[in-house]
Amino acid sequence: MELSLFSKIIKGEIPASFTAKQESWVAFLDINPRAEGHTLVVPVEQKQRLRDLSKDSQHSLMEGVAMVSEKLCNHFGTSDCTIVVHDGPAAGQEIPHVHVHVIPRSKEDGGKSLLAMFPDTPHPGKLDPDFSALATLAEQLSLD
């Protein structure tokens, strides 16, 4: 397997501004930040999708995300972060290596929510939920 851009960063072949490191993950500032402090938390294990990571990597990655979120919130004096995973190319993933975006947020930052990713979807509260269809789908998913 060819090393991803993130694996090359982890190996020190490409420079990065690291903010935290553990044995199984690293965190560094995004070079195209959406807001000041926008950080990527990346597992050392190179896999494209979150579900393909080992259970240990999944668990430690989420611990890393929580640690980075706390660090960013403390530094920027906020209690909120947007935490996003683009899990595969159709989901917007640009580098084929799992990574979690952690972006400190404030009410005045101009950032948007998940709704901005799906602008043609009605906003919450505009339509009555189809509880029957939701129950059917939940049942199907629980059997898979």
Side-chain angles (χ1 to χ4, degrees), residues 1-107 109-125 127 129-131 133-144:
M1 172 190 306
E2 184 177 330
L3 289 181
S4 72
L5 174 70
F6 293 151
S7 287
K8 291 176 183 177
I9 288 171
I10 291 165
K11 289 182 171 292
E13 296 174 14
I14 296 174
S17 298
F18 291 95
T19 60
K21 288 184 182 182
Q22 294 287 324
E23 183 178 326
S24 60
W25 60 269
V26 300
F28 50 87
L29 295 173
D30 193 301
I31 61 170
N32 295 301
R34 300 298 174 243
E36 187 178 17
H38 180 168
T39 300
L40 301 179
V41 184
V42 181
V44 171
E45 181 183 357
Q46 181 178 316
K47 297 289 182 184
Q48 185 168 27
R49 291 180 177 80
L50 188 61
R51 65 185 170 269
D52 295 330
L53 288 172
S54 69
K55 295 299 179 200
D56 286 342
S57 286
Q58 290 173 358
H59 294 166
S60 64
L61 178 63
M62 289 303 112
E63 289 174 348
V65 168
M67 289 172 60
V68 167
S69 174
E70 182 174 13
K71 181 182 285 203
L72 290 170
C73 285
N74 289 340
H75 181 82
F76 289 102
T78 187
S79 58
D80 302 325
C81 285
T82 292
I83 298 174
V84 177
V85 176
H86 301 287
D87 205 34
Q93 184 186 57
E94 295 173 343
I95 307 295
H97 189 139
V98 172
H99 56 287
V100 182
H101 296 261
V102 183
I103 306 168
R105 298 296 303 270
S106 67
K107 288 182 181 181
D109 68 12
K112 299 188 186 224
S113 71
L114 181 65
L115 296 173
M117 296 171 103
F118 300 94
D120 297 332
T121 302
H123 286 271
L127 298 176
D130 185 344
F131 290 110
L134 292 170
T136 299
L137 177 58
E139 183 177 346
Q140 291 168 349
L141 291 170
S142 70
L143 297 174
D144 287 346

Check the pair Val100, Trp25 against side-chain contact (heavy atoms from CB on, under 4.5 Å), reporting the backbone distance first and the verdict last.
CA-CA 11 Å; Val100 182; Trp25 60 269; over 6 Å; no
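Side-chain contact between Val42 and Ile95: absent, with no pair of heavy atoms (C-beta onward) separated by less than 4.5 Å.
More than 12 heavy atoms of other residues, nucleotides or ligands sit less than 6.0 Å from atom CG of Leu141. In Glu13, the CD atom is crowded: over 12 heavy atoms of neighbouring residues, nucleotides or ligands sit closer than 6.0 Å.
Applying the ring-ring contact (aromatic ring centres under 6.0 Å, His included) criterion to Phe18, with sequence neighbours excluded, gives Phe28. Judged as a side chain to side chain contact (heavy atoms under 4.5 Å, CB included), and not counting sequence neighbours, the contacts of Ser24 are Ser60. By the ring-ring contact (aromatic ring centres under 6.0 Å, His included) test, His101 is found to be paired with His38, His86, His99, residues two or more places apart in sequence or in another chain being considered. With sequence neighbours excluded, the residues that form a salt bridge (Lys or Arg N to Asp or Glu O under 4.0 Å) with Asp109 are Arg105.
Under the salt bridge (charged side-chain N to carboxylate O under 4.0 Å, His left out) criterion, the residue pairs touching residues 71-92 are Arg51-Asp87, with sequence neighbours excluded. For residues 57-66, no pair satisfies salt bridge (charged side-chain N to carboxylate O under 4.0 Å, His left out), with sequence neighbours left out.
No donor-acceptor pair under 3.5 Å is formed between the side chain of Gln46 and the backbone N or O of His97. The main-chain N or O of Gly64 is never found under 3.5 Å from a side-chain atom of Gln22 such that the two would form a donor-acceptor pair. Using modelled atom types, one side-chain atom of Gln93 and one backbone atom of Gln48 make a donor-acceptor pair closer than 3.5 Å.
Atoms CG and CD, on Leu72 and Glu36 in that order, are 10.0 Å from each other to the nearest 0.5 Å.
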